[in-house]
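Notes follow once the structure below has been shown.
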Amino acid sequence: MSAQCPECEGTIALAADILDGEIVPCPDCGAELEVVSLNPVVLELAPEVEEDWGE
Amino acid sequence: MSAQCPECEGTIALAADILDGEIVPCPDCGAELEVVSLNPVVLELAPEVEEDWGE
Amino acid sequence: MLVIKIGGAAGIDYSNLCNDIAQLAAQGQPIVLFHGGSDGANTLGEQLGHPPRFITSPSGHTSRQTDRRTLEIFMMATALLNRQLVERLRGLGVNAFGLSGLDGGLLQGNRKTNVRAVENGRVRVIRDDWTGSIDQVNRDLLQMLLSTGYLPVIAPLAVSAAGEPLNIDGDRGAASVAAALEAETLLLLTNVSGLYRNFPDESSLIERLPRTELTHASEKLAQGRMKKKLLGAQTALEAGVRRVIIGDGRSEQPVSAALAGNGTIIE
Amino acid sequence: MLVIKIGGAAGIDYSNLCNDIAQLAAQGQPIVLFHGGSDGANTLGEQLGHPPRFITSPSGHTSRQTDRRTLEIFMMATALLNRQLVERLRGLGVNAFGLSGLDGGLLQGNRKTNVRAVENGRVRVIRDDWTGSIDQVNRDLLQMLLSTGYLPVIAPLAVSAAGEPLNIDGDRGAASVAAALEAETLLLLTNVSGLYRNFPDESSLIERLPRTELTHASEKLAQGRMKKKLLGAQTALEAGVRRVIIGDGRSEQPVSAALAGNGTIIE
């Protein structure tokens with residue numbers, strides 16, 4: 001399975017059991033991408049990491 | 001089944017299925033009594049009625 | 001000053017109510033919102049395997065048998081509704097402040113040491129009961145919050161001198177608050193259009209009820225919860241509140257509609 | 001000013017704590033009590049068939065995955081504990097006032113739009129999350145309550161600009177309150193004696209920890225919840241709180257014992 005990187009349009013090979021919401025680094029441009037939907041797999045730039053706060 | 005009135009010491013006949021906490025009027029002196037325990041049945045003067053307030 | 005009581009009953013759309021309140025508050029109308037919680041407490045009790053049991057007193061009043069576990073379920077369910085109302089109001093720019101009658105001794109009352117319940121004709125005394133009367137309102141606390149720009153949202157609890165939380169009747173709670181604040185209007189919102197001459201015939205809605213006919217109405221016309229609303233109305237009017245409105249909580253703008261004369265106006 | 005944080009963990013006897021607080025308050029010591037609620041929320045969640053799920057962030061922090069249903073369970077469980085603490089304190093003559101960070105915008109924060117969770121090595125983004133940071137404390141509200149004789153008892157919630165209730169970390173909440181009030185002491189009570197050099201060896205209790213060693217301690221010595229306590233301590237000290245004590249909530253007089261130098265003093 002593979003998908004296109006939204007940043008550099010490179011093609012990224014993905015694991016068969018890719019999870020919804022999983023973070024995938026783009027091997028070409030290094031951008032951090034998020035699996036925003038499955039079948040078909042769509043990747044978007046992952047949101048910034050925010051500090052951990054919850055109880 | 002019977003028990004003694006705590007007010008006038010008269011003997012009061014009670015129903016077989018008397019309930020814990022039930023109110024029983026004393027036929028002799030008219031006092032309002034409460035069944036405070038079963039086997040053996042013990043009667044005490046019932047507390048004052050308070051206004052109804054709960055939701 | 002306008003005190004609004006919203007029930008916990010199903011079928012009431014809180015977003016309409018909160019939008020209406022937000023508009024009125026923005027126009028400078030001082031408001032206190034008092035809510036019930038019976039519906040939520042019933043549902044939560046069932047989910048937790050401690051379903052509600054209702055008792056009828058010899059004089060015909062039904063109330064929730066409130067043992068300690070029921071009280072704790074009641075406190076959780078009413079706190080959730082309180083936070084949801086505060087959430088919605090704050091989202092509309094209202095500086096809502098949620099509290100209960102327990103907090104800061106807002107509503108001080110006496111715990112009923114015992115309650116009498118009628119079950120198939122036999123009267124029983126029930127002791128482990130956490131319901132209570134409302135004898136005093138911490139008016140200074142309410143006025144402090146109001147004068148510093150907060151809109152109090154009050155959950156139906158009172159507190160005894162020993163600090164015990166007490167299940168109280170929401171309508172009576174709202175009436176006590178309205179009396180303490182010498183409110184012009186106490187608005188009791190419910191899931192019907194008002195008091196009917198013969199329930200549930202909508203066309204028999206009583207639009208004006210002189211206060212002198214309150215006792216008659218509560219004995220002859222009102223059933224169940226409506227009886228308590230009329231008792232609350234009586235408490236409020238006797239303590240100086242100018243008018244009590246029994247309004248329809250289901251309408252688009254429940255508060256504005258009532259203030260414009262819809263529902264049963266008791267003066 | 002003394003800000004006390006009590007956890008929701010099992011094994012803490014609230015009556016000892018409340019007795020101790022009542023004595024100190026009677027001697028004129030201004031106090032704010034901040035509590036957690038994790039234990040109660042876990043139990044309630046299980047009873048309601050929505051058990052807690054914990055997520056670990058890439059940087060190793062564990063926190064409760066807080067979807068809307070979990071938030072509502074968290075709000076109910078923490079409200080119950082809040083009311084129980086207010087009940088006990090009022091019964092001891094303390095004028096306790098229960099509120100949460102939601103009420104009157106006491107603790108304003110930002111809702112995290114997303115959280116990252118690591119599950120068996122794979123990192124995932126979670127969106128429906130109702131946790132948040134604490135960016136501002138409504139100090140005027142707290143000082144108004146304190147100056148009129150109330151003892152605030154605060155439940156661990158913050159509120160976003162959109163009015164959303166947010167699950168917050170109790171230790172950080174207490175630290176923000178201590179900082180806002182420029183408290184002399186922030187006391188974090190827990191169910192151990194303090195910070196250990198090598199947990200759980202009681203004899204390795206660190207009695208004095210200079211603030212300069214906080215970062216090292218939180219990285220090398222602390223695990224799980226203790227990490228968060230040290231982060232809270234750092235926030236407080238940086239904002240002007242004079243000292244932070246990590247004390248044993250299980251002792252007979254947990255507050256007095258800590259003020260007398262028992263536990264880990266961080267200055």
Does the salt bridge (Lys or Arg N to Asp or Glu O under 4.0 Å) test come out yes or no for Arg116(C) and Glu32(B), once each step is laid out? CA-CA 12 Å; Arg116(C) 293 197 181 189; Glu32(B) 270 205 331; 2.8 Å; yes

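Here Glu48(B) contributes atom CD and Asn114(C) contributes atom CG; the two are 9.0 Å apart, rounded to the nearest 0.5 Å.
Under a cut-off of 6.0 angstrom, the local environment of CD in Glu46(C) is crowded, with over 12 non-hydrogen atoms contributed by other residues, nucleotides or ligands.
Note on Arg127(C), Arg124(C), Gln65(C): by heavy-atom pairs under 4.5 Å with chain B, the leading option is Arg124(C).
Close approach to chain C, defined as a heavy atom under 4.5 Å from one of its heavy atoms, is seen in Ala15(B), Asp17(B), Ile18(B), Leu19(B), Asp20(B), Gly21(B), Glu22(B), Ile23(B) of residues 6-23 of chain B, taken by number.
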